[in-house]
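In this chain, residues are counted from 1 in sequence order. No hydrogens, no waters, no symmetry mates; every other heavy atom, side chains included, goes into these values.
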Amino acid sequence: MAAQSQSVSGTVYADDAPLPGVSVVVKGTNNGAVTDFDGLYTINAESNAVLVFTYIGFKSKEVAVGGKQTIDVTLQEDVSALDEVVVIGYGAQKKKELTGAVAQVKSEELLKTSTSDIGAALQGQIAGVNVTASSGAPGSEANVMIRGLTSINGANRPLYVVDGIPFDGESKIEYQ
């Protein structure tokens, strides 16, 4: 006797907060869904099926449907998998699939410098980054160029991401 298909819905959580963007797939099939902004999902599955919940940075979890119509799941963080992911200004990619220049300087290294200008603090910290003074005036900001003047669109300024917030280098920021 074939198992009967039913609608299964629920919420996916991480530390008691709803988790959007979680992939929910019926194991062994291409039938899947993605959780919405509130962590909610709905998927059609047979009563004897197994649902697989996966999300970058979290351990995947398999849950048997067992005839239930509502299945709420809490995913656990997988710290070891976070080393494989690089968050970029326009999404996230696996480290092995990343092309282009991405560099990171830890805040502890920046705090060792005696300047409040982020450009000057980066001087000598990243290969291929040239930092020069824009003028000889005290307090003048530094010019930061990546690998010379080779940009197609004429902009050679780097995109800084400080604590997850993009910063274009045009406005002043200070760190402590």
Handout entry: Side chain Thr35, main chain Val22, donor-acceptor under 3.5 Å
Key = yes
Problem - Phe58 side chain near Leu19 side chain, heavy-atom distance below 4.5 Å - result: yes
Handout entry: Under 3.5 Å: donor-acceptor pair, side chain of Asn31, backbone of Val26
Key = no
Fill in the blank from the handout: OG1 of Thr29 to CG of Asn44, rounded to nearest 0.5 Å, is 11.0 Å
Practice task
Answer whether the closest heavy-atom distance between the side chains of Tyr13 and Val73 falls below 4.5 Å.
Solution key: no
Handout entry: Non-hydrogen atoms of Thr74 and Asp15 that approach each other most closely
Key = CG2-N, 4.4 Å
Problem - Residue pair Asp36 / Tyr41, side-chain heavy-atom distance below 4.5 Å - result: no
Handout entry: same_hphob_cluster(Val63, Val24) at 4.5 Å side-chain heavy-atom cutoff
Key = yes
Problem - Minimum-distance pair of heavy atoms, taken over all atoms of Val8 and Ala45 - result: CG2-CB, 4.5 Å
Exercise for the section: State, with a plain yes or no, whether a side-chain heavy atom of Gln6 is found less than 4.5 Å away from one of Ser47. Expected result: yes
Problem - Nearest atoms (heavy-atom pairs only) where Ser7 meets Thr42 - result: OG-CG2, 3.4 Å
Problem - Contact summary for Lys59 and Glu77, nearest pair of heavy atoms - result: CE-O, 3.9 Å
Practice task
Given side-chain contact (heavy atoms from CB on, under 4.5 Å), test Leu51 with Lys61 step by step and report yes or no.
Solution key: CA-CA 8 Å; Leu51 299 180; Lys61 188 169 192 174; over 6 Å; no
Practice task
Report yes if some heavy atom in the side chain of Val65 is under 4.5 Å from a heavy atom in the side chain of Val50; otherwise report no.
Solution key: no
Handout entry: Approximate separation, where rounding is to 0.5 Å, of Ser9 OG and Ile43 CD1
Key = 11.0 Å
